Amino acid sequence: MRVHVLQHVPFEDIGGMADWLAARGIRPSYTRFYAQEPLPEPTGIDLLIVMGGPMSVHDEALYSWLADEKAFVGAVMRRGAAVLGVCLGAQLMAVALGGEVTRNPVKEIGWFAVEATPGEGFALPAVFTAFHWHGETFSLPPGAVRLARSQACENQAFQYGRRAIGLQFHLETTPQSARAIVENCRDEMLPGPYVQDEAALLAEPAARYADNQALMGRLLDYLLAA
């Protein structure tokens, strides 16, 4: 099985998904845009994982590779391969499918509740707590279904067809990756109704991370079962 990862910054890697892949003997290939690595051909990929990053999908003047990445993500989805987008990755998926990305009414940074929305597609728990770090949000692309919302953000997850899911939140987060994003993006943690302070954000118990990564494992199993 070929798994390919699109990574935008060094401090937002696949986190706990690495254990899920390793347990199946899978060593993913990468395009690390921050290191000017090229995109592969969109054929031959079984699972594409599109990670997050502090840039916006609209920042093509600053990051020229964004235009090529959007086209690539769209091509892989049109082929019917499994695609998972996380945060910026979900926003890139939404744009590639004809949706829009705009500023969210508030920033959402820290551990907050997510509520599953009834309907077709992957069944998330009715309510669960996940890690968030975003100031923008996606609209539902044409033909997609909403999977989840939160008090701060109406569109927290969507599914397109059977094999493409975008998550605004981060189920892959580990204690190490949470600390890494805090250390690299601390300037974004301005006081707000849905912005945790650093100490509270980093004090989340180990069981929370384990629950989130177990849910991510079930989601990956679902994407690859089709």
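This structure is a prediction, so every number in the text was calculated from the model and none was measured. Residues: numbered from 1 along the sequence shown.
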Results of side chain to side chain donor-acceptor pair (under 3.5 Å) for R24 - residues two or more places apart only: D221

Here the pair of heavy atoms bringing A94 nearest to F138 is CB-CB, 3.7 Å

Does the ring centre of F169 sit less than 6.0 Å away from the ring centre of F128? yes

Kindly give the heavy-atom pair with the smallest separation between M93 and L84, and that separation in Å. SD-C, 4.0 Å

Give a yes-or-no answer on whether the side chains of R146 and N155 include a donor-acceptor pair shorter than 3.5 Å. yes

Is it the case that the side chain of D59 and the backbone of M55 share a donor-acceptor pair, with hydrogens and angles ignored and the cut-off at 3.5 Å? no

Would you say the side-chain atoms of H132 pair up with the backbone N or O of F112, donor to acceptor, closer than 3.5 Å? yes

Residue list, salt bridge (Lys or Arg N to Asp or Glu O under 4.0 Å) with E188, at least two apart or on another chain: none

Roughly how far, to the nearest 0.5 Å, is NZ of K70 from CG of L97? 13.0 Å

Backbone N/O of M216 and side chain of E172: donor-acceptor pair under 3.5 Å: no

Less than 6.0 angstrom from the centroid, inside 45 degrees of the normal: does R32 satisfy that with respect to the ring of Y34? no

Just how far is it from atom NE2 of H4 to atom CG of L48, taken to the nearest 0.5 Å? 7.0 Å

Between CG of L47 and CD1 of I45, what distance do you get to the nearest 0.5 Å? 9.0 Å

Tell me, do L171 and Q213 make a side-chain contact under 4.5 Å, heavy atoms counted? no

Test side-chain contact (heavy atoms from CB on, under 4.5 Å) on V83 and I165 and set out the steps. CA-CA 6 Å; V83 180; I165 292 179; over 6 Å; no

Taking all non-hydrogen atoms of both residues, which atom of V5 and which atom of P28 are closest, and how far apart? CG2-CB, 4.0 Å

Can you measure from CD (E198) to CD (E183) and round to the nearest 0.5 angstrom? 8.0 Å

Less than 4.5 Å apart, any side-chain heavy atom of L224 and any of M1? yes

For the backbone of V9 and the side chain of Q7, can you confirm whether one donor and one acceptor N or O come within less than 3.5 Å of each other? yes

Please confirm whether the backbone N or O of M51 pairs with a side-chain atom of H8, one donor and one acceptor, at under 3.5 Å? yes

State, to 0.1 Å, how close N104 and C153 come at their nearest heavy-atom pair, and which atoms those are. OD1-SG, 3.7 Å

Is a donor on one side and an acceptor on the other found under 3.5 Å between the side chain of S139 and the backbone of G99? no

Picking from W133, Y194, F131, what satisfies ring-ring contact (aromatic ring centres under 6.0 Å, His included) with W111? F131

Are any of the side-chain heavy atoms of L219 and F122 separated by less than 4.5 Å? yes

Could you list the residues that satisfy salt bridge (Lys or Arg N to Asp or Glu O under 4.0 Å) with R208, not counting sequence neighbours? E204

Sequence neighbours excluded, which residues qualify as ring-ring contact (aromatic ring centres under 6.0 Å, His included) partners of Y63? W65

Please tell me whether L147 and L140 are part of a single hydrophobic cluster in this structure, the criterion being side-chain heavy atoms less than 4.5 Å apart. no

Name all residues meeting the side chain to side chain donor-acceptor pair (under 3.5 Å) criterion together with E136; count only those two or more places apart in sequence or in a different chain, and write none if there are none. S56

Testing the basics here: between L223 and R163, what is the closest heavy-atom pair and its distance to 0.1 Å? O-NE, 3.2 Å

Any side-chain heavy-atom pair from L124 and V114 closer than 4.5 angstrom? no

Side-chain donor-acceptor pair present, E108, Q156, cut-off under 3.5 Å: yes

Evaluate the side-chain proximity of L88 to V50: yes if any heavy-atom separation is below 4.5 Å, no if none is. no

Is there any side chain to side chain donor-acceptor pair (under 3.5 Å) pair reaching into residues 82-94, and which pairs are they, with sequence neighbours excluded? Q91-Q168

Report yes or no: do E37 and T31 form a side-chain donor-acceptor pair below 3.5 Å? no

Pair T137, E154: side-chain N/O donor-acceptor within cut-off below 3.5 Å: no

Heavy-atom check, side chain of T173 versus side chain of Y209, under 4.5 Å: yes

Check whether any side-chain heavy atom of L6 lies under 4.5 Å from a side-chain heavy atom of V73, and answer yes or no. yes

V76 reachable from V3 in the ILVMFWY side-chain graph, under 4.5 Å edges: no

Is a side-chain donor-acceptor pair under 3.5 Å present for Q159 with Y222? yes

Linking I/L/V/M/F/W/Y whenever their side-chain heavy atoms sit closer than 4.5 Å, directly or via other members, would F33 and V95 fall into one cluster? yes

For a 4.5 angstrom cut-off between non-hydrogen side-chain atoms, does V195 reach L190? no

With rounding to the nearest 0.5 Å, note down the distance linking CZ in F11 to CD1 in I181. 6.0 Å

Looking only at heavy atoms, which two atoms of N212 and T129 are closest? And how far apart? ND2-O, 3.0 Å

So, D46 side chain and R2 main chain: donor-acceptor pair closer than 3.5 Å or not? yes

Okay, side chain of K107, backbone of P193: is any donor-acceptor separation there less than 3.5 Å? no

If you round to the nearest 0.5 Å, how far is CD1 of I109 from CG of D197? 12.0 Å

Apply the test side-chain contact (heavy atoms from CB on, under 4.5 Å) to residues I14 and Y30: give CA-CA distance (whole Å), side-chain angles for both, the deciding distance (0.1 Å), then the verdict. CA-CA 11 Å; I14 59 174; Y30 275 79; 3.7 Å; yes

